[in-house]
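Computed over heavy atoms, backbone and side chain alike; hydrogens, waters and symmetry mates excluded. Lettering of chains follows the sequences in order, A, B, ..., and the numbering in each one begins at 1.
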Amino acid sequence: MTIIKRPRGTRDFLPEEMRKRSQARKAMQEVLERWGYQEVATPTFEHLELFTEKSGASVIDEIYSFQDKGGRDLALRPELTAPVMRMFVSELQNSPKPLRLYYFGNCFRYERPQKGRFREFWQLGAELIGGARPDSEAEAIALADQLIRSAGIRGDIHLGYLGLIRAILERIEGDKRAAAMRMIDKKERSALEELLEDLNQGDLGLLELIDLKGKAALDKALEIAGDLLLTETQEAPARSEGPRAPSEPKMQSEGRGSARNGRAVSSQLHLEEFQETVDLLGAYGVDFQIDFEIVRGLDYYSGTVFEIYAEGLGAQRQICGGGTYELSSLFGGKETSSTGFGLGFDRIMEIAHIKEERKPPVFLVYTPGVKVDAARIAVSLRRSVPTVLDVMGRSMGAQLKAASGAGARHAVIVGREELDSGKLILRDMSGGEQENLTLEEIVERLSPIYSSKFYKT
RNA sequence: GCCGGGAUAGGGUAGUGGCUAUCCUGAGGGACUGUGGAUCCCUCGAGCUGGGUUCGAAUCCCGGUCCCGGCCCCA
């Protein structure tokens, strides 16, 4: 007989690993709650349309989609931002703003598995819905930073700003903008140079801008912004074309983003907003790098975008990505700006430093004749102390052996004599010392030890 | 989708065309019928899968599956 194996790209989590995952998740949830975020959950599957609407038809190739028995086109969720925004639009639109939501859930993508990439993976993310831009951005980024730290990871935070890039790209032909964005994102330097050369406009400072990192980049950005505003006023009457023009035949050569044809994307500069985000982040004490190469190729992003990278993950170094976006209106809601991010939980687990916290239960060891009484005692013990009872029909010696093997700190031993005297034996498994105590005394003794998060020794 | 490496008891491994497939660990039991971690004994348990070559394949060849690393992609 052949053993049935796990489907490709999926994993089993054995107790030891699951313990770490739970700890990491709890640590991060604690941070989120401390920042006032509330957990939400959405279905594991959604209408396929939800994801094609957001990301374009090309994502179908990488989605686990299927038809149910009623002929509906459904998809296992490949990400959680769209479901959360769908939920927001249909159920939370009239809630007081801002909404601070977070989620943790498994997602599915039909992709080639490799280090840090699986077909079923877990994402933890937060969405700050309806807040003003710089404030929200600073909060979201600072929060992401805290989350990663709570898992014991050091990440490099890279901040980009789409307002400026889009303003520059507005200078070039519409059908080349998407391509240019893509080249910046993919770091296809020579292709980008070529494209800019063909335009005969000079490079508009773009190349220098994306090369510069940190403070220098911001200075350069201010310089470019100044130039742009200057020419803007001079040329304004001549330029009626803009990204908002719905008639513009915007080619979607990549196949992605086709659902967003003609969608309004703020291309206004607002560099001062970015400046404010940066200043606020300083106040939050967050270390980051300004990096205009971060553009997160999607049209619904605006304002600040950011990505966080970590070492030790091979080719998949990115552990977090996010930014300010407008998806509410795409899903039929009122235009609502949101800032959010998603963390790749599995990647974080690969490099997280989690302190081992193992709490084996107390073993209630009994002689064969008193099984029924032992079961009754176990019930009382479990009210305050994790307790296990032999179910193998083992001898007392073998039960102790099992307790020892399981790493138990204490055993409670009960036989005929103990029942008659009303005093059970509490055995310290590390030294072997024993005491005769009533059940109440044992509970009193053990519960403070086992109810705390860590063993007190 | 592409390139490369791999697959032997639950975990880790040896072997290399040839009788009952090696060792460690593990699991279950026992020596120790009311006291564990040591030792000893017994037991359980394996060559991914489908073809081919061969007298004979875990070993050689081909396909598939899965794993690992990289590319592409990454909402």
Side-chain angles (χ1 to χ4, degrees), chain A residues 1-12 14 16 46 50-63 75 77-85 107-119 121 123 125 182 185-186 188 254-260 296-301 305 307 313-319 321-323 325 327 330 340-342 344 347 363 365-370 374 390 392-419 424-434:
Chain A
M1 130 144 204
T2 329
I3 290 175
I4 297 172
K5 288 181 288 190
R6 198 179 339 118
R8 178 166 205 200
T10 62
R11 289 159 297 159
D12 294 316
L14 274 43
E16 192 188 341
E46 297 269 1
L50 176 66
F51 303 110
T52 53
E53 188 71 22
K54 170 172 178 257
S55 308
S58 66
V59 298
I60 290 180
D61 289 342
E62 290 173 349
I63 285 183
R77 58 189 180 199
E79 48 112 2
L80 281 161
T81 300
V84 168
M85 289 315 290
C107 299
F108 306 83
R109 290 184 194 178
Y110 193 86
E111 291 183 297
R112 171 81 169 71
Q114 63 186 77
K115 188 174 180 67
R117 178 191 283 182
F118 306 93
R119 290 186 171 184
F121 58 98
Q123 260 193 7
R182 195 193 137 84
D185 193 27
K186 300 298 168 204
E188 291 170 5
E254 282 76 34
R256 66 174 55 242
S258 56
R260 296 181 302 281
R296 296 191 68 74
L298 299 156
D299 288 3
Y300 53 78
Y301 277 109
V305 289
E307 296 181 347
L313 283 163
Q316 310 295 328
R317 281 194 311 280
Q318 192 186 326
I319 55 174
Y325 60 86
L327 276 175
L330 184 61
F341 59 86
R347 292 183 188 175
F363 275 62
V365 172
Y366 60 95
T367 55
V370 301
D390 177 61
M392 299 281 284
R394 281 176 167 134
S395 69
M396 246 182 79
Q399 289 182 47
L400 263 315
K401 196 178 194 170
S404 170
R409 304 292 176 92
H410 301 91
V412 173
I413 302 173
V414 55
R416 189 78 268 150
E417 285 174 31
E418 286 71 29
L419 286 176
L424 313 182
I425 299 170
L426 174 61
R427 180 179 179 85
D428 184 307
M429 293 300 287
S430 54
E433 306 84 31
Q434 303 194 154

Legend entry - Over 12 foreign heavy atoms within 6.0 Å of CZ, R296(A): yes

Which atoms form the tightest heavy-atom contact between [X] and [Y], and what is the distance?
X	Y	answer
P113(A)	G9(A)	CG-CA, 3.9 Å
E418(A)	I425(A)	OE2-CD1, 3.3 Å
A411(A)	V365(A)	CB-CG2, 4.3 Å
Q399(A)	F363(A)	O-CD2, 4.4 Å
V414(A)	A374(A)	CG1-CB, 4.3 Å

Watson-Crick or G-U counterpart of [N], or none if no pair lies under 3.5 Å:
N	result
G1(B)	C71(B)
C32(B)	none
U65(B)	A7(B)
C44(B)	G26(B)

Quick check on [N]: is either OP1 or OP2 less than 4.0 Å from any side-chain nitrogen or oxygen of [X]?
X	N	answer
R8(A)	C67(B)	yes
K115(A)	G69(B)	yes
K186(A)	C74(B)	yes
R394(A)	G29(B)	yes
R182(A)	C73(B)	yes

Between [options], which one does the side chain of [X] approach most closely?
X	options	answer
R347(A)	C72(B), G4(B), C74(B)	C74(B)
P113(A)	C67(B), C72(B), U35(B)	C67(B)
E111(A)	C74(B), G34(B), C67(B)	C74(B)
S404(A)	C3(B), G37(B), U35(B)	G37(B)
R112(A)	C72(B), G34(B), C68(B)	C68(B)
K5(A)	G34(B), C72(B), C48(B)	C48(B)

Inset, instruction - Answer yes or no for R119(A) and F108(A): cation-pi contact, defined as NZ/CZ to six-membered ring centre under 6.0 Å and angle to ring axis within 45°. - result: no

Inset, instruction - Could you check E417(A) against R119(A) and say which one's nearest nucleotide on RNA chain B is further toward the 5' end? - result: E417(A)

Legend entry - 5'-most by nearest nucleotide on RNA chain B - M392(A) or M396(A): M392(A)

Inset, instruction - Taking the side chain as every heavy atom from C-beta outward, state whether M429(A) and R409(A) have any pair of such atoms under 4.5 Å apart. - result: no

Inter-nucleotide [atom1] distance ([N], [M]), Å rounded:
N	M	atom1	value
U43(B)	C48(B)	C1'	27 Å
C23(B)	G15(B)	P	14 Å
G26(B)	G12(B)	C1'	11 Å
C41(B)	G63(B)	C1'	48 Å
A9(B)	A14(B)	P	12 Å
G47(B)	A57(B)	P	15 Å
G10(B)	G45(B)	C1'	9 Å
U8(B)	A58(B)	P	15 Å

If you go through the side-chain atoms of [X], does one of them form a donor-acceptor pair with the base of [N] closer than 3.5 Å?
X	N	answer
R117(A)	C73(B)	yes
E418(A)	G34(B)	yes
R427(A)	G36(B)	yes
E79(A)	C74(B)	no
Q434(A)	U35(B)	yes

Within the structure shown, what part of the strands sits under 4.0 Å from [X] by heavy-atom distance: base, sugar-phosphate, or nothing?
X	value
G342(A)	nothing
G9(A)	sugar-phosphate
Q399(A)	nothing

Legend entry - Partner residues of S430(A) under the side chain to side chain contact (heavy atoms under 4.5 Å, CB included) criterion, sequence neighbours left out: D428(A)

Length of the line joining [X]:[atom1] and [N]:[atom2], which is rounded to integer Å:
X	N	atom1	atom2	answer
D390(A)	G29(B)	CG	C1'	14 Å
F51(A)	C74(B)	CZ	P	17 Å
L313(A)	C74(B)	CG	P	19 Å
R6(A)	U65(B)	CZ	P	17 Å
R416(A)	U35(B)	CZ	C1'	18 Å
L14(A)	G11(B)	CG	P	10 Å
L424(A)	G34(B)	CG	C1'	14 Å
F118(A)	C67(B)	CZ	P	9 Å

Inset, instruction - Assign G15(B) to syn or anti; the rule is syn for a glycosidic angle within 90° of 0 and anti otherwise. - result: anti

